J.: 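So that we are looking at the same thing, I have put the structure below in structure tokens.
These numbers come from a predicted model, not from an experiment.
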Amino acid sequence: MKVTNTGDRPGKEIVQVYASDSQARDRNKPEKELRGFAKTAELAPGQSETVNISFDVNDLASFDAGKSAWRRDTGTYYVLVGASSRDIRSTLPIEVDEKVTPAPNILAPKAQINTLKR
């Protein structure tokens, strides 16, 4: 994304990327979730810089504790880019299919412990 200082003083900008699920309320999810950000160098008035923020469709998944899995529901999501969550400057809709990725149980014992009888 190209960022240009349109002001009359040098300054920096933080570009933020959010994900928004069109059915967030029905799915008990936040309206917007921060998925990445980048900060420009100090830009002189009129100067521009391109910032790159990686975003993967799997970043749309939320953790389902009941199933111990990362879940991405089918539907329309929006990638929102802005200076803050209240200052969105660009929106890109994307359609995704459901994907469930089980999470390993990191609390499970690695080996069975045998008890000795005395």
Side-chain angles (χ1 to χ4, degrees):
M1 167 171 258
K2 185 176 178 181
V3 178
T4 302
N5 181 351
T6 59
D8 57 1
R9 295 183 184 167
K12 298 178 184 182
E13 180 71 270
I14 297 176
V15 179
Q16 300 177 6
V17 174
Y18 294 85
S20 178
D21 182 347
S22 64
Q23 298 177 21
R25 287 187 180 176
D26 297 339
R27 295 177 179 158
N28 197 26
K29 292 172 65 175
E31 180 184 333
K32 297 174 192 157
E33 296 178 278
L34 182 64
R35 294 298 188 207
F37 60 92
K39 186 175 186 177
T40 68
E42 185 167 281
L43 301 176
Q47 185 179 8
S48 298
E49 179 181 337
T50 299
V51 296
N52 295 305
I53 302 171
S54 298
F55 183 86
D56 187 285
V57 71
N58 291 318
D59 291 340
L60 299 172
S62 297
F63 192 72
D64 183 338
K67 294 186 179 181
S68 189
W70 288 97
R71 179 183 186 94
R72 183 186 70 213
D73 294 305
T74 300
T76 303
Y77 290 77
Y78 298 93
V79 178
L80 312 169
V81 181
S84 74
S85 64
R86 294 183 181 138
D87 185 8
I88 301 300
R89 311 224 180 137
S90 182
T91 301
L92 172 70
I94 56 175
E95 297 291 327
V96 299
D97 293 324
E98 179 183 56
K99 182 178 179 184
V100 178
T101 307
N105 184 351
I106 61 171
L107 299 177
K110 301 254 184 229
Q112 185 175 358
I113 300 172
N114 295 322
T115 57
L116 298 174
K117 293 183 180 180
R118 292 182 192 216

J.: When hydrophobic residues are tied together by side-chain contacts of less than 4.5 Å, even through go-betweens, does V96 share a cluster with L92?
T.: yes

J.: Considering non-hydrogen atoms only, spot the tightest contact between A83 and E13 and give its length.
T.: CB-OE1, 3.8 Å

J.: Checking E98 now: which residues fulfil salt bridge (Lys or Arg N to Asp or Glu O under 4.0 Å) with it, not counting sequence neighbours?
T.: R71

J.: Closest approach of Y78 and P93, non-hydrogen atoms and distance?
T.: CE2-CB, 3.5 Å

J.: How about P102 and W70: do any of their side-chain heavy atoms sit closer than 4.5 Å?
T.: no

J.: Locate the shortest heavy-atom distance separating V3 from L43; write the atom from each residue and the value.
T.: O-CD1, 3.9 Å

J.: Under 3.5 Å, sequence neighbours excluded: what are the donor-acceptor pairs made by side chains of residues 54-61?
T.:
unit_1 : atom_1 : unit_2 : atom_2 : d
D56    : OD1    : N58    : N      : 2.7
D56    : OD1    : N58    : ND2    : 3.2
N58    : OD1    : R72    : NH1    : 3.1
N58    : OD1    : K99    : NZ     : 3.3
D59    : OD2    : D56    : N      : 3.1

J.: Name all pairs fulfilling the salt bridge (charged side-chain N to carboxylate O under 4.0 Å, His left out) condition that reach into residues 78-93, sequence neighbours left out, sorted by first residue then second.
T.: D87-R89

J.: On a heavy-atom basis, which atom in N5 and which in G11 lie closest, and how many Å separate them?
T.: ND2-N, 3.6 Å

J.: So, for V17 and I53, which heavy atoms are closest and what is the spacing to 0.1 Å?
T.: CG2-CD1, 3.6 Å

J.: Might you confirm whether atom CZ of F37 has over 12 heavy atoms from other residues, nucleotides or ligands at distances under 6.0 Å?
T.: no

J.: I88: which residues meet the side-chain contact (heavy atoms from CB on, under 4.5 Å) condition with it, sequence neighbours left out?
T.: Y18, K32, L80, T91

J.: Quick check: does any side chain N or O of T76 sit under 3.5 Å from a backbone N or O of S22, one acting as donor and the other as acceptor?
T.: no

J.: Any salt bridge (charged side-chain N to carboxylate O under 4.0 Å, His left out) pairs touching residues 34-50, not counting sequence neighbours?
T.: E33-R35

J.: Please confirm whether the backbone N or O of E31 pairs with a side-chain atom of S20, one donor and one acceptor, at under 3.5 Å?
T.: yes

J.: Could you list the residues that satisfy side-chain hydrogen bond (donor to acceptor under 3.5 Å, both in side chains) with K67, not counting sequence neighbours?
T.: none

J.: So do M1 and V81 actually touch side chain to side chain, heavy atoms under 4.5 Å?
T.: yes

J.: Can you give me the closest heavy-atom contact between P10 and P45, atom names plus distance?
T.: N-CD, 4.0 Å

